[in-house]
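The shown structure was predicted, so the numbers you read here are calculated from the model rather than taken from an experiment. To find a chain, count down the sequence lines: A is the first, B the second, and so on, and within it residues start at 1.
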Amino acid sequence: MVEMTYLDAIRDALRAALRDHPEVVLYGEDIGRFGGAFKVTLGFQEEFGADRCFDTPISESALFGSAIGMATQGLRPVVELQFADFGTNALHHLLNNAGTHHYRTGVPVPMTVRAPCGGGFGGGPFHSEELEAIFCHMPGIKVVYPAFPSDARNLLYAAILDPNPVVFLENKYLYRHVKELVPRAIEPVRIGAARIVRPGQEAVVLTYGAMVHEAMRAATRLAGQGYEVMVMDLRSLKPYDEDAIVAAAAATNRVLIVHEGWRTCGFGAELAALVAERAFHLLDAPVMRVTAPDVPVPYAPELESAYRPNAEKIEKALVELIEY
Amino acid sequence: MVEMTYLDAIRDALRAALRDHPEVVLYGEDIGRFGGAFKVTLGFQEEFGADRCFDTPISESALFGSAIGMATQGLRPVVELQFADFGTNALHHLLNNAGTHHYRTGVPVPMTVRAPCGGGFGGGPFHSEELEAIFCHMPGIKVVYPAFPSDARNLLYAAILDPNPVVFLENKYLYRHVKELVPRAIEPVRIGAARIVRPGQEAVVLTYGAMVHEAMRAATRLAGQGYEVMVMDLRSLKPYDEDAIVAAAAATNRVLIVHEGWRTCGFGAELAALVAERAFHLLDAPVMRVTAPDVPVPYAPELESAYRPNAEKIEKALVELIEY
Amino acid sequence: MPRRDSGRLDEMDVLFPQTSVTDVPPPEWARLYRTMVLSRKIEERLIRLYHQAKIFGGVYTGVGQEAIGAAATSASQQEDLFAPLIRNMTIHIGRGETTLNIFRQWLARASGPTRGRDGNVHYGNLKNGVYTMISHLGAMLPVIVGGVMAKRRRGFDTIGFGTIGDGGTSTGDFHEAVNFAAVYDVPVIFLIENNHFAYSTPREFQYKCARLADKAVGYGIEGYGVDGNDAVEMLLFFRKLAADLRARPRAVLVECDTLRMRGHGEHDDSSYVPKELLARYAARDPIKVARERLTNEGMLAAAQLDAIEAACAAEVDAAYREALREPPPDPATLAQGVYADG
Amino acid sequence: MPRRDSGRLDEMDVLFPQTSVTDVPPPEWARLYRTMVLSRKIEERLIRLYHQAKIFGGVYTGVGQEAIGAAATSASQQEDLFAPLIRNMTIHIGRGETTLNIFRQWLARASGPTRGRDGNVHYGNLKNGVYTMISHLGAMLPVIVGGVMAKRRRGFDTIGFGTIGDGGTSTGDFHEAVNFAAVYDVPVIFLIENNHFAYSTPREFQYKCARLADKAVGYGIEGYGVDGNDAVEMLLFFRKLAADLRARPRAVLVECDTLRMRGHGEHDDSSYVPKELLARYAARDPIKVARERLTNEGMLAAAQLDAIEAACAAEVDAAYREALREPPPDPATLAQGVYADG
Ligand SMILES: Cc1ncc(C[n+]2csc(CCOP(=O)(O)OP(=O)(O)O)c2C)c(N)n1
Ligand SMILES: Cc1ncc(C[n+]2csc(CCOP(=O)(O)OP(=O)(O)O)c2C)c(N)n1
Ligand SMILES: [Mg+2]
Ligand SMILES: [Mg+2]
């Protein structure tokens with residue numbers, strides 16, 4: 001076992017993919033000699049050569065488009081967005097081309113987009129966005145969003161080997177805030193499986209990304225008050241683990257959904273809709289959501305902490321839900 | 001009263017806005033002398049001059065970006081996307097700039113984006129998309145989607161006069177398929193109000209756009225079988241009419257959500273989440289959704305009719321819901 | 001706005017030695033001619049089908065622009081890549097797509113290249129090195145850049161041809177793709193088919209430079225202007241250019257002067273196109289120009305060209321009828337293949 | 001990759017008559033100098049605050065690039081518009097933003113231009129004709145094009161200045177905006193601040209043309225190259241250019257050669273920037289260059305410049321202290337103002 005941060009884990013998965021699979025190439029803005037804005041790819045250009053890890057002009061459309069071109073010609077490109085926010089410059093490539101290519105032509109598009117997202121560090125409105133709901137709306141795209149180093153490593157490796165376009169969401173706040181002991185070898189995982197990261201029967205929190213840790217904190221506090229709350233880390237958002245969610249609803253009869261992104265048409269709405277449709281008869285209380293409000297991510301720490309869901313807000317909602 | 005198609009109504013609202021408000025300008029690809037791909041602006045360049053209705057290069061980013069620039073300098077630009085699908089080339093402008101500008105600077109951005117959307121005419125994957133869920137996820141943006149000529153006219157006029165960026169979704173299938181007698185004068189309307197277009201107490205269909213007409217057809221058939229189903233046309237998607245929806249759920253205890261767009265993270269998920277949260281105790285059956293599947297919009301008529309929700313599919317779901 | 005006529009740039013003659021039609025053997029000229037004629041005949045049939053309401057949706061053709069794709073594909077090699085757009089029937093034909101498959105596509109048959117999932121012009125065949133376009137103009141250009149990078153990394157001596165209209169040059173994707181290819185010396189020929197109009201929009205509302213080939217300077221690459229209605233001249237040019245790019249990989253821009261001879265699609269009467277302009281280009285119809293040159297310059301006899309035309313006509317009739325008899329897609333397959341693994 | 005040095009284009013001298021420093025009265029030179037010095041001192045303070053961990057998030061400065069915005073704003077008129085980016089403190093100062101407001105912004109005070117909602121470089125003031133940037137590079141360029149179109153339609157004799165980095169020229173938005181302005185003759189000066197790097201990426205991985213001003217040809221507009229470290233020369237140039245654009249509205253590209261003298265942000269030690277390069281530009285520090293020219297050419301005495309510097313230093317100290325005392329935004333206001341009507 002080795003101890004790794006979330007960021008180490010991402011780096012480790014990339015390095016393993018580069019080592020194991022000659023068809024893997026990495027590119028993006030400043031990821032070459034500089035190692036990327038977050039230093040995830042530091043040293044790769046030296047280790048693997050400039051044709052497998054290289055810098056690009058500031059051209060998100062060219063990044064996505066060329067990755068589609070490569071992925072359909074035998075490579076497995078992994079492109080890094082400097083921030084997920086800049087992906088909005090070129091969503092037409094993901095929605096219309098990457099996501100439809102196999103359906104239209106029968107030719108798969110094994111590309112991975114790494115999208116650092118989330119706030120909590122003073123990034124302001126254009127460096128903190130959570131865009132999973134937009135990616136998840138696109139047919140033909142898979143979306144994963146790990147919360148732990150082990151999952152980050154396994155899921156990124158799986159994403160790279162997946163025959164489909166995968167958006168790999170990585171939470172910037174977690175980069176250096178979570179550590180975990182992980183086995184030396186990367187484990188093959190199935191994209192699409194949720195995980196119960198804390199058992200409990202009073203209620204379940206369905207969540208992912210940085211909010212898994214906030215939910216865990218809330219659950220720990222509530223345990224002190226005698227409430228045992230289940231926390232489910234979805235890990236994969238598209239496909240998401242419908243059966244595990246329904247089973248959790250059945251086991252707890254109370255569902256709280258938590259995410260860091262905006263409320264209206266957020267991914268939590270999809271989860272609530274699933275529960276309302278498939279677990280309706282299992283519920284003892286309304287499905288509740290703790291999310292960011294429909295507000296641009298504010299910069300000032302006072303505003304951002306009011307904006308961002310956290311353990312306190314989750315705890316409050318859980319109490320309300322349990323006592324409904 | 002005059003009879004108008006949906007397309008006539010849009011044209012009428014634009015003409016009225018141009019007449020009444022010198023600060024209104026229209027631009028987009030081919031909308032000048034040619035009158036636009038759907039001939040909505042036919043004759044406007046002659047009537048109002050080439051500085052108020054003009055063609056642009058094929059540059060969706062420049063379209064959106066320049067509209068933000070104009071709207072913050074005293075004009076009310078109305079830009080036409082040739083097809084909503086092409087808006088995905090430049091979503092960063094809507095999400096990041098138009099939608100955040102008032103919040104960040106206090107300066108409003110009164111711009112309108114006209115986005116022809118929807119399928120049913122052999123447009124294939126890139127000329128049939130329904131992207132309301134993506135637009136509705138953006139803080140600071142309003143989204144309207146009329147189903148009838150009267151609403152199209154009133155809401156477009158209201159959108160143009162709104163101090164916020166408004167995405168006006170217009171359904172291409174409805175352009176020439178619906179007609180209505182409307183009063184000569186445009187009525188001021190509040191963006192955000194739903195409308196019950198058919199009363200009923202067995203269940204309510206929450207819908208909008210072309211699907212309102214399919215839901216009406218389904219409701220008419222079911223009336224023949226003795227079921228009276230309410231049909232609610234949301235008209236505005238952001239903001240949407242929470243109270244009317246909850247009231248409808250209270251009145252019928254059964255909710256079916258119908259839309260033409262994709263299921264996962266579609267706008268219907270948001271509606272289901274709202275109902276699951278605010279109307280939980282009012283329901284006698286699960287909240288159900290009839291939507292397009294998570295599949296690129298297919299071209300062949302056989303596939304497209306399997307893809308697109310219609311009266312039959314709605315009727316079937318309603319029966320299931322009512323008999324739950 | 002006055003606009004200098006596009007013409008061949010001086011550098012072209014400097015870069016490449018003069019070649020003559022005799023450098024290319026007659027069978028290749030026959031293939032070039034066939035590509036154009038077959039495409040024209042297919043599209044004429046499609047136009048008829050449209051007006052008979054036998055096609056779901058619109059019909060978009062490359063009538064009058066056949067020379068460009070015909071010349072480019074004739075100059076290409078097996079492992080090269082193409083990213084065609086809506087006016088590029090000759091790219092599909094020139095890269096070996098069958099007439100039958102083309103009618104299957106337009107008639108949305110289950111057997112067609114997109115199995116009815118996509119329509120009309122949106123098809124390709126990566127086995128022939130031809131990408132399937134999406135509608136978003138410009139978006140296929142970074143795709144072909146990436147495709148060429150990948151194939152070259154895998155050891156092929158691939159070059160790419162990406163087409164774009166005068167209108168499409170206004171898109172951000174055009175810019176990002178050309179710049180990206182320029183920086184990494186990716187051998188892609190960006191083929192600008194300047195047919196004077198983007199839908200209804202005349203080119204003075206699309207760009208202000210004298211010639212679109214002038215954009216090359218700003219990317220630090222070479223830009224050439226060619227007569228897009230002269231397939232013979234273009235074939236000679238593309239052969240030299242392609243050989244040169246294989247020897248010294250790099251991106252280049254080529255602007256082909258031509259005119260769209262029909263509406264944007266068949267729904268469009270294109271009354272906004274001046275009659276004199278149409279007449280001028282009609283007189284230089286690419287099939288006519290090729291026919292004249294090939295016979296006058298002694299490459300092929302008129303009878304040989306007539307035989308090609310007759311064969312093409314028969315092929316179109318047969319293929320169309322066969323496609324008509326084939327079944328449409330089964331609605332039960334609607335959700336199949338959205339993902340590669342499910 | 002060898003690259004020709006940027007230099008002023010020949011056409012510039014043809015287009016505009018020679019001017020000399022004496023055409024501009026001393027108070028304007030003093031203002032130009034103050035803009036640069038005040039900006040530098042504000043940014044030096046911000047850098048210190050960053051390293052004292054008193055700033056939430058990053059610090060990005062325009063140290064070494066002050067001449068560009070100072071000259072451009074000095075040449076501008078009341079109704080002109082600016083779209084600054086992260087290196088453009090001198091645009092804010094030059095257009096009248098107060099030092100107090102700038103510290104309010106950086107310290108995220110409720111009283112600041114974005115009321116704590118946006119951070120660091122993301123502020124502006126439309127009352128001064130200055131847009132508030134979003135981070136997405138290139139995206140402010142179509143915005144300023146639209147802004148200028150609107151103001152001109154409303155009867156103002158507005159011209160616009162939109163800045164963009166060498167890296168930003170690779171974005172689709174840059175292309176679409178310049179082309180759009182070119183087609184409609186919108187008088188916007190696209191100011192390319194070529195500071196050799198985009199974050200860590202040297203310019204040979206960003207573009208391949210000899211000079212970025214060469215891109216102008218492809219848009220059918222004029223392109224100029226200027227010494228971006230010589231505020232005096234640039235002020236003379238921009239005055240002439242601005243007057244010319246008012247007389248004959250049109251888009252132009254101006255490439256300013258300069259160097260980023262610090263990291264991309266203060267978190268970045270920029271060890272990838274060659275020392276010799278830094279030394280070469282340090283020797284031509286824009287404040288130093290202006291000081292030398294203004295004193296040598298008899299416009300302002302050294303004592304006058306010293307007095308400006310002392311005043312700026314005092315202003316920074318006072319403003320910083322005042323901003324520090326002001327309250328942060330009230331979390332209860334979080335959701336206020338997302339919409340203009342609610
Ligand atoms: C990004 C984008 N915006 C708008 C359209 C709609 N559209 C389809 S074809 C066309 C005109 C294309 O003109 P041009 O590039 O000159 O090609 P041509 O049709 O003349 O061959 C337009 C505006 C599109 N396909 N893509
Ligand atoms: C569209 C987009 N992609 C990526 C980024 C991340 N980013 C911020 S600054 C920067 C480098 C900018 O370089 P340049 O344009 O030369 O400006 P400079 O910082 O040198 O002034 C990058 C890549 C961004 N802001 N916008
Ligand atoms: Mg054209
Ligand atoms: Mg730079």
Residue-level contacts of residues 50-59 of chain B with chain C, using a heavy-atom cutoff under 4.5 Å | B:Asp55, B:Thr56, B:Pro57, B:Ile58, B:Ser59
Check each atom of B:Glu60 against the heavy atoms of chain C and say whether the ones under 4.5 Å are side chain, backbone, both or neither.
-> neither
May I ask you to decide if the ring planes of C:His136 and B:Phe86 are parallel, tilted or perpendicular, using 30° and 60° as cut-offs?
-> perpendicular
Contact part of B:Ala37 toward chain C, heavy-atom cut-off under 4.5 Å: side chain, backbone, both or neither?
-> both
Does any donor atom in the side chain of B:Arg176 or B:Thr5 lie under 3.5 Å from an acceptor atom in the other side chain?
-> no
Does any donor atom in the side chain of C:Tyr131 or C:Asn125 lie under 3.5 Å from an acceptor atom in the other side chain?
-> no
Minimum heavy-atom separation for C:Gly58 to C:Tyr50, with atom names?
-> CA-CE1, 4.1 Å
Nearest heavy-atom contact between C:Gly64 and C:Met261 is CA-CG, 3.6 Å
Any donor-acceptor pair under 3.5 Å from B:Thr207 side chain to B:Val258 backbone | yes
Under 4.5 Å, counting heavy-atom pairs only, tell me which of C:Ala110, C:Ala108, C:Ser170 racks up the most with chain B.
-> C:Ser170
How about B:Glu312 and B:Asn310: does a side-chain donor come under 3.5 Å of a side-chain acceptor?
-> yes
What part of B:Phe121 gets closer than 4.5 Å to chain C, counting heavy atoms only: side chain, backbone, both or neither?
-> backbone
Hey, does B:Met288 have a side-chain heavy atom less than 4.5 Å from the side chain of B:Ile257?
-> no
Among the listed options C:Gly167, C:Ala332, C:Gly168, C:Gly57, the residue most often paired with chain B at heavy-atom distances under 4.5 Å = C:Gly167
Answer yes or no: is there an ion pair linking B:Arg221 with B:Glu315, defined by an N-O contact shorter than 4.0 Å?
-> yes
Looking only at side chains, do C:Glu266 and C:His51 share a donor and an acceptor under 3.5 Å apart?
-> yes
Step by step, would you call B:Tyr173 with B:His213 a side chain to side chain donor-acceptor pair (under 3.5 Å)?
-> CA-CA 11 Å; B:Tyr173 187 83; B:His213 302 278; over 6 Å; no
Will you find, in the side chains of C:Thr333 and C:Asp330, an N or O donor that is under 3.5 Å from an N or O acceptor?
-> no
Kindly state each residue pair satisfying salt bridge (Lys or Arg N to Asp or Glu O under 4.0 Å) with at least one member in residues 76-100 of chain B, sequence neighbours excluded.
-> B:Glu23-B:Arg76, B:Glu80-B:Arg114
For chain C, which residues of residues 293-306 of chain B have heavy atoms nearer than 4.5 angstrom = B:Pro293, B:Asp294, B:Val295, B:Pro296, B:Val297, B:Pro298, B:Tyr299, B:Ala300, B:Pro301, B:Glu302, B:Leu303, B:Glu304, B:Ala306
Taking atom types as modelled, find out whether C:Asp173 and C:Thr171 have a side-chain donor-acceptor pair closer than 3.5 angstrom.
-> no
Side-chain donor-acceptor pair under 3.5 Å between C:Asp166 and C:Gln206, yes or no?
-> no
Please list, in residue-number order, every residue in residues 112-122 of chain C that has a heavy atom less than 4.5 Å from any heavy atom of chain B; write 'none' if there are none.
-> C:Arg115, C:Gly116, C:Arg117, C:Asp118, C:Gly119, C:Asn120, C:His122
